[in-house]
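Working notes, beginning with the structure itself.
Whatever order the structure lists ligands and atoms in, that order sets their numbers, starting from 1.
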Amino acid sequence: MTKPETNLFTPHRLQGMELRNRLIRSATLEGMCGRDGLPTAALVDLYRRLAAGGCGLLISGITYVSEEGRLIPTGLGAACDAQLAGLKALAAAIHEEGGRFCLQLGHTGGQGRSTVCGQQPVAPSAVKLEQYPEMPREMTLAEIATSVAAFAAAAGRAKRAGCDAVQLHAAHGYLINQFLSPLTNQRQDGYGGDLAGRSRFLLETVAAVRQAVGVDFPLLVKLNGSDNLTGGLEIDESLAVAKLLDAAGIAGIEISSGTPASGDRVPIRLGHEKGDEMAYNVVLSRLIKQHVTCPVIAVGGIRSLHVATGLLRTNQADYLSLSRPLIREPDLPNKLQSGASDKSTCISCNGCLKTMLKGDLRCVVPHTS
Ligand SMILES: Cc1cc2nc3c(=O)[nH]c(=O)nc-3n(C[C@H](O)[C@H](O)[C@H](O)COP(=O)(O)O)c2cc1C
C-alpha cells in the first residue's frame with residue numbers, strides 16, 4: 001500500500017480558509033432539494049457524511065442565483081432570502097464534521113429548459129446549438145446587469161449563511177461559459193466580439209461578488225480549459241481568461257473542459273479509470289498553472305493516491321477535486337489517508353447521473369466486500 005505523501009493531507013490555507021487537506025469534493029448536483037430550492041434532510045445528511053469522510057473542502061452542486069437560471073426542478077437555490085435557512089443547515093452540518101463549505105453559483109443560460117426556468121431560456125445570443133435543448137432568447141443589457149447582480153446577491157447570501165467560500169460556475173457550457181465562448185456568444189455589443197468583450201460578463205461578476213462579500217472571502221472559479229468543440233473556447237483564450245482572473249485576485253481556479261455537446265470529451269467522461277487516461281483535464285490545468293499565481297485545482301478522472309500525489313509533487317496542481325468517487329465512497333479521503341485504500345473503485349460509468357435526475361444520487365455499481 002502506498003504511503004500517503006504528507007502534503008496531500010497536511011492542513012493548508014486557501015486564502016484565509018483553513019483546509020485539513022488538499023482533497024476537494026467537486027461540485028456535484030444532487031437533485032435532493034424541494035421545488036422551493038431548500039435542501040431535503042437527506043441532502044443535509046449527505047453533506048454531513050461527505051465532511052465526516054474527510055474531504056478538506058466540499059463544493060455544493062450548482063446553485064441557482066435566479067429563477068430563470070435553474071437547471072433542474074430539484075436543485076439548490078440561493079436566489080432569495082427564503083433560501084438562506086437551507087444554506088445555513090448545509091454549512092452547519094459540514095462545519096460540525098470539521099469540513100469547509102463552498103457554494104457553487106451558477107446560471108444555466110441557454111442550457112436551460114423552459115419547463116424548469118419558467119420562460120424561454122436566455123443566452124448571450126439567440127443561436128440554436130447542439131448544447132442547447134431549446135432555442136434561447138438573446139439577453140438584453142438590462143438582463144445582463146440583473147444577472148450580474150443576482151450572482152452578487154447569491155454570494156452575499158452564501159456568506160451570511162456561514163459558507164466559507166463561493167465558486168462561480170464558468171464551465172460546462174453554462175451562462176458564464178456561454179459568454180466566454182465565440183460559438184455561443186455572437187453579440188455585436190460590448191459583451192461580445194473579442195476576448196475582452198466575451199470575458200466582460202465574467203469579470204463584472206467577479207467584481208460584483210467581491211463587492212458583496214469583501215476581499216477576504218475566498219472566491220473560486222471553475223473554468224473550461226477548452227470547450228472541446230469546434231469554434232468553442234480553446235486553451236489559448238482560456239489561459240488568457242485565467243490570467244485575467246488571477247490578476248483580479250481570485251482565490252483559486254478549477255480547470256475542467258467540455259459541454260454536453262462535446263462527444264467523448266464531455267465534462268463527465270466515461271470510462272477513464274485506467275492508467276494514463278486518468279486525470280483527463282490535467283493537460284489543460286498544468287499549462288494554466290505555469291502562468292498564474294493563484295492555486296490551481298485539477299478535476300476529472302482523478303482516481304488514485306498515486307496520481308493525486310504525483311500531480312502535487314510535480315507541481316501540476318495545488319488541489320485535487322473529485323466527484324464520482326465520492327458518490328461511491330464518501331469516506332474515500334479518510335481511507336486514502338489511513339492507508340485502508342490507495343484508489344477509488346469508481347469505474348466512471350455515469351450510472352450516478354441517472355440516479356441524480358431521480359433525486360436519489362448514488363453509485364449503481366455493487367460493492368464487493
Ligand atoms: C452527478 C454529477 C453531478 C454534477 N454536477 C456538477 C455541478 O453541479 N457543477 C459542476 O461544476 N460540475 C458538476 N459535475 C461535474 C464534476 O464536478 C466533475 O467536474 C466531473 O464529474 C469530473 O470529475 P470526476 O471524474 O471526479 O467525476 C457533476 C458530476 C456528476 C457525476
*asked:* Donor-acceptor pair, distance only, cut-off 3.5 Å: does the side chain of Ser181 make one with the backbone of Asn177?
replied: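 Not a single qualifying donor-acceptor pair exists.
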
*Indicate yes or no for a side-chain donor-acceptor contact from Arg187 to the backbone of Met139 under 3.5 Å, with no hydrogens or angles considered.*
yes

_Distance under 4.0 Å to a non-hydrogen atom of Gly301: what atoms of ligand 1 satisfy this?_
24 (P), 25 (O)

*Counting from 1, what ligand 1 atoms have a heavy atom of Val299 closer than 4.0 Å?*
18 (C), 19 (O), 23 (O)

How far is [atom] from its nearest protein heavy atom, and which residue and atom is that?
{"atom": "atom 4 (C) of ligand 1", "answer": "Leu29 N, 3.4 Å"}
{"atom": "atom 22 (C) of ligand 1", "answer": "Tyr280 OH, 3.4 Å"}
{"atom": "atom 20 (C) of ligand 1", "answer": "Pro267 O, 3.8 Å"}
{"atom": "atom 1 (C) of ligand 1", "answer": "Leu353 CD2, 3.6 Å"}
{"atom": "atom 29 (C) of ligand 1", "answer": "Ile268 CD1, 3.3 Å"}
{"atom": "atom 9 (N) of ligand 1", "answer": "Gln104 OE1, 2.8 Å"}
{"atom": "atom 27 (O) of ligand 1", "answer": "Arg324 NE, 2.7 Å"}
{"atom": "atom 6 (C) of ligand 1", "answer": "Ala27 O, 3.1 Å"}

_Whether Arg198 engages the ring of Phe179 as a cation-pi pair (distance to the six-membered ring centre under 6.0 angstrom, angle to the ring normal within 45°) should be assessed._
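That pair does not qualify as a cation-pi contact.
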
*How does Pro325 reach ligand 1, if at all, at less than 4.0 Å between non-hydrogen atoms: by side chain, backbone, both, or neither?*
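Side chain only; the backbone of Pro325 stays clear of ligand 1.
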
*asked:* At under 4.0 Å between heavy atoms, is it the side chain or the backbone of Tyr174 that contacts ligand 1, or both, or neither?
replied: neither

*Ala171 near ligand 1, heavy-atom distance under 4.0 Å?*
no

*asked:* Does the residue Ile302 have a heavy-atom contact with ligand 1, meaning some pair of atoms that are separated by less than 4.0 Å?
replied: no

*Side-chain donor-acceptor pair under 3.5 Å between Gln83 and Tyr64, yes or no?*
yes

*asked:* We want to know whether Ser348 and Arg303 form a side-chain donor-acceptor pair, criterion being a heavy-atom distance below 3.5 angstrom.
replied: yes

*salt bridge (charged side-chain N to carboxylate O under 4.0 Å, His left out) assessment of Glu97 paired with Arg49*: CA-CA 8 Å; Glu97 299 296 342; Arg49 278 188 290 130; over 6 Å; no

*With side-chain hydrogen bond (donor to acceptor under 3.5 Å, both in side chains) as the test, would you mind laying out the steps for Ser257 and Asn228 before giving the verdict?*
CA-CA 7 Å; Ser257 70; Asn228 299 332; 3.1 Å; yes

*Could you check which of Met278, His169, His172, Arg303 puts a non-hydrogen atom nearest to atom 24 (P) of ligand 1?*
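Selected option, by shortest heavy-atom distance: Arg303.
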
*After noting the C-alpha distance and the side-chain angles of Glu96 and Arg48, does the key distance pass the salt bridge (charged side-chain N to carboxylate O under 4.0 Å, His left out) rule?*
CA-CA 8 Å; Glu96 276 162 27; Arg48 189 186 303 280; 2.6 Å; yes

*Look at the aromatic rings of Tyr174 and His169 and report parallel, tilted or perpendicular, splitting at 30° and 60°.*
perpendicular

